[in-house]
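The first residue in the sequence is number 1, and the count goes up from there. Just so you know, these numbers use all the heavy atoms, side chains as well, and skip hydrogens, waters and symmetry mates.
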Amino acid sequence: MQHNFLSINDKNKDFIVYSRYLSYGANEKERNKMKSIMLKAVENELTHRQRECITMYYFNNMKMREIAAVLSLTTPTVSRHIHAGVKKLQNVARYY
């Protein structure tokens, strides 16, 4: 499944939201609403570790093994945090 991307801010253009949201041709107002919702979800719905891993992976373009080294984790653990965080964000996006 190919994911579409929605920027949460102008600095970053590579944040996965939920692919079905963009495939229905949302207008500018809807996209801005989704950006606001997803930013709040990143801040409030993710664990601290998920937020760290997702930020490093998507916003800083770090590889999972690099994140693992910085956070003193194993690469599979980083992968689990990223996938769990993305799944939470996708679930939030389904409601909007």
Side-chain angles (χ1 to χ4, degrees):
M1 173 184 194
Q2 181 176 354
H3 293 283
N4 292 312
F5 298 97
L6 180 66
S7 167
I8 286 191
N9 58 40
D10 292 333
K11 182 179 176 184
N12 183 309
K13 302 293 183 201
D14 297 328
F15 194 78
I16 291 178
V17 176
Y18 185 59
S19 60
R20 282 195 296 184
Y21 171 75
L22 291 176
S23 56
Y24 292 123
N27 65 31
E28 183 78 20
K29 184 177 178 182
E30 290 171 337
R31 282 191 302 271
N32 288 335
K33 179 181 176 185
M34 181 56 86
K35 288 178 188 182
S36 175
I37 290 166
M38 295 312 297
L39 182 57
K40 288 177 186 174
V42 167
E43 293 171 353
N44 299 318
E45 299 294 325
L46 301 181
T47 66
H48 176 71
R49 189 64 79 186
Q50 289 169 345
R51 190 169 34 258
E52 280 182 317
C53 291
I54 284 176
T55 300
M56 290 176 173
Y57 188 72
Y58 289 108
F59 294 153
N60 299 336
N61 296 316
M62 294 175 69
K63 296 183 187 309
M64 288 186 196
R65 67 178 172 273
E66 294 171 331
I67 298 168
V70 169
L71 299 178
S72 300
L73 301 171
T74 65
T75 303
T77 300
V78 170
S79 177
R80 281 193 299 274
H81 285 301
I82 291 170
H83 291 293
V86 168
K87 187 172 182 176
K88 281 184 183 180
L89 295 176
Q90 288 173 337
N91 286 333
V92 169
R94 283 188 184 137
Y95 292 105
Y96 297 97

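Atom CG of Leu39 is separated from atom CG of Leu89 by 10.5 Å, given to the nearest 0.5 angstrom. Note that the NZ atom of Lys87 and the CZ atom of Arg80 stand 14.5 Å from one another [nearest 0.5 Å]. Interatomic distance, CG of Asn60 versus OH of Tyr58, reported as 13.5 Å (0.5 Å rounding).
Listed by first and then second residue, the salt bridge (charged side-chain N to carboxylate O under 4.0 Å, His left out) pairs involving residues 44-54 are Arg49-Glu52 (not counting sequence neighbours).
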- How far apart are the C-alpha atoms of Val92 and Lys40, what are their side-chain angles, what is the distance that settles it, and do they pass the side-chain contact (heavy atoms from CB on, under 4.5 Å) test? CA-CA 10 Å; Val92 169; Lys40 288 177 186 174; over 6 Å; no
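Proximity of Val42 to Ile54: side-chain heavy atoms (C-beta onward) are nowhere separated by under 4.5 Å. Within the 4.5 Å cutoff, the side chain of Tyr57 has no heavy atoms near those of the Val78 side chain.
The shortest non-hydrogen separation linking Ala93 to Met34 is O-CE, 3.9 Å.
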Please set out all donor-acceptor pairs under 3.5 angstrom arising from side-chain atoms of residues 64-75, sequence neighbours excluded.
from: Glu66; atom 1: OE1; to: Lys63; atom 2: N; distance (Å): 2.8
from: Thr74; atom 1: OG1; to: Thr77; atom 2: N; distance (Å): 3.3
from: Thr74; atom 1: OG1; to: Thr77; atom 2: OG1; distance (Å): 2.8

